[in-house]
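Just below is one structure, and these are the notes that go with it.
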Amino acid sequence: MAKSSTVFSVWAALAGNLLVALAKSVAAAMTGSAAMTSEAVHSLIDTVNEILLLYGISRSARPADRTHPFGYGRELYFWSFVVALLIFALGAGVSVYEGLSHILVPQPIERPGVIFAVLAASLAFEGTSWWISMRAFGAAKRHLGWWEAFRRSKDPPAFIVVFEDSAALLGIAVAAAGTAAALLTGDARWDGVASLVIAAILAAVAALLAQESKELLIGERADPELSDAILRTASGIAGVCSANSIVTIQIAPHSVVATLSLDFFDTLRAPEIERAVIELESRIRNLYPDVTALFVKPQSVLVASERRREAPGNPDPSGETSPLADG
C-alpha cells in the first residue's frame, strides 16, 4: 500500500507539473517576467524529475540475479540523487541567471494579468499535488514528527515529491509578490529579486534532498526500531543465550539486509543451533517482511563485547555496530 501510494503521488505530481510548466512557459514568453521564467524552468525540471523517479522505481523493482544478489533497489537512490542535482544545477542555476540579468538590465513587465492568472491556476494544480503527496507521506510517517520522518525515511520518491511541491508553492508566492512589488513601485528590479529568492529556495531543497539521497546511496542502516525489534525477537529464540548486536543495511525502501551476532548456550549441538536459526529466520520473515536477507554469526557475548569496544565508532542504543566488528 505504501509503495502504491508513493507511485500515485509521483504520477499526480507529474501530471500537475506538466500542465503548470506549459502554462508558465507561455506566460513567461508573453510577459518577459524573470520570476515567471524561473517558475517555468522550475516546473519543467520538476516534470523531468518525476519521470526520472518513475524510471528509478521501475528499475529498482528488478529481481536479484548473480550480478546483484540483493537486487537493484539502490538504483532508486541513485536516480533520487540525480533529481537533487538537477534541481540545484538547472533550477537554481537558471533562476540565478534570470534574476541577475533582470536586476542589472531591468525590463518592464508586460501583461501582468496573464502572470497572476497563470499563478492562480498553478496554485490550484500544485496545491492538489502537494495535498496528495502530503497524505501519502503522512500515512507512512506513523507517530514521528515531519522532520524526523523525513530524516528516517528510506523512500526518496515520497519525500522528494513533498519537497518539490512545497518549493513550488513557495515559488508561486514569491513570483506573485515580486510581480506585485514591481508593478506597485514601478521598479522592475523586484522581478529579478523574486527570481533570486526562488533560486535560494531551490538550492536549499536540493541540498537537503542530495544529503539524504547520498546517505541512502552509500549504505544507511535500517530504522533503529526495526533493529531493536529483531534483537528482541532473537533473544526469545530457544537456545539463544544473548543477542549481542546487529548490523543492518537499507538496500531499498522495503529491503533490508541484517547480520546478527548471537551467543548460543554452550550445551547446544550443531543440529540444535541450526534449528534455532531456522526458527529465527521464520519469525523474522513473518514479523518483518522488509528483512530480505538475514545472516547469523555465532559469537560469545564476551568476544562480541570486546569487538564492539575495538570497532571504529560507538555502538548506538540498539546495539548496532560497525560491520568491521568481526571475530
Side-chain angles (χ1 to χ4, degrees), residues 1-3 63-64 68-71 73-74 77 140-145 148-155 212 215-327:
M1 182 179 295
K3 181 178 179 181
H68 297 85
F70 294 124
R74 283 193 181 173
Y77 298 153
K141 78 180 186 70
R142 299 169 295 171
H143 61 281
L144 302 175
E148 186 180 4
F150 159 66
R151 295 296 298 169
R152 291 172 62 171
S153 175
K154 312 301 180 183
D155 189 5
E212 188 60 26
E215 293 297 327
L216 292 167
L217 183 60
I218 64 178
E220 190 173 69
R221 71 177 185 178
D223 193 314
E225 292 183 5
L226 176 61
S227 298
D228 291 340
I230 294 173
L231 285 173
R232 288 194 299 268
T233 301
S235 297
I237 297 295
V240 174
C241 175
S242 171
N244 300 324
S245 63
I246 184 172
V247 175
T248 59
I249 294 291
Q250 193 79 34
I251 300 297
H254 301 287
S255 178
V256 174
V257 174
T259 301
L260 275 170
S261 167
L262 301 181
D263 186 3
F264 294 92
F265 287 108
D266 294 338
T267 56
L268 264 63
R269 297 178 178 274
E272 296 171 316
I273 294 177
E274 290 176 358
R275 284 196 293 270
V277 172
I278 291 173
E279 181 183 355
L280 173 60
E281 290 178 335
S282 177
R283 288 193 189 181
I284 296 298
R285 188 180 302 111
N286 291 328
L287 293 173
Y288 316 108
D290 281 359
V291 180
T292 53
L294 178 68
F295 301 95
V296 176
K297 176 180 181 179
Q299 188 178 52
S300 74
V301 64
L302 294 178
V303 172
S305 177
E306 181 65 27
R307 293 299 183 185
R308 283 201 298 271
R309 286 195 295 269
E310 295 175 356
N314 295 320
D316 61 28
S318 72
E320 188 147 359
T321 61
S322 164
L324 295 177
D326 203 7

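When a residue number appears, it is its place in the shown sequence, counting from 1.
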- Message: Please determine whether the number of non-hydrogen atoms from other residues, nucleotides or ligands lying under 6.0 Å from atom CG of Asn286 exceeds 12.
- Response: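 Buried by this count: over 12 neighbours within 6.0 Å.
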
Minimum heavy-atom distance [X]-[Y], with the two atoms named:
X	Y	result
Asn244	Asp263	ND2-N, 3.7 Å
Thr248	Ala258	CG2-CB, 4.0 Å
Phe70	Ala293	CE2-CB, 3.9 Å
Asp155	Pro253	OD1-CG, 3.8 Å
Ala252	Gly73	CB-CA, 3.5 Å
Ala234	Leu260	CB-CD1, 4.1 Å

- Message: As a test of understanding, state which of Glu220, Gln250, His254 forms a side chain to side chain donor-acceptor pair (under 3.5 Å) with Lys154.
- Response: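 Running side chain to side chain donor-acceptor pair (under 3.5 Å) over Glu220, Gln250, His254 with Lys154 returns exactly one hit, Glu220.
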
- Could Glu279 and Arg275 be called an ion pair, given the rule that one side-chain N must be under 4.0 Å from one carboxylate O?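 A salt bridge is absent here (no side-chain N lies under 4.0 Å from a carboxylate O).
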
- Is the backbone N or O of Ile278 less than 3.5 Å from a side-chain atom of Ser282, with the two atoms forming a donor-acceptor pair by type?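 Not a single qualifying donor-acceptor pair exists.
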
Reported [atom1]-to-[atom2] distance for the pair [X] and [Y], which is rounded to 0.5 angstrom:
X	Y	atom1	atom2	value
Phe265	Ser242	CZ	OG	9.5 Å
Arg74	Ile251	CZ	CD1	4.5 Å
Glu215	Glu212	CD	CD	7.0 Å
Ile273	Leu262	CD1	CG	10.0 Å
Leu280	Ile237	CG	CD1	5.0 Å
Leu231	Leu226	CG	CG	9.5 Å

- Message: Restricting to ring pair (Phe, Tyr, Trp, His ring centres under 6.0 Å), what partner residues turn up for Tyr288, sequence neighbours left out?
- Response: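 In terms of ring pair (Phe, Tyr, Trp, His ring centres under 6.0 Å), with neighbours along the sequence ignored, Tyr288 is linked to no residue.
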
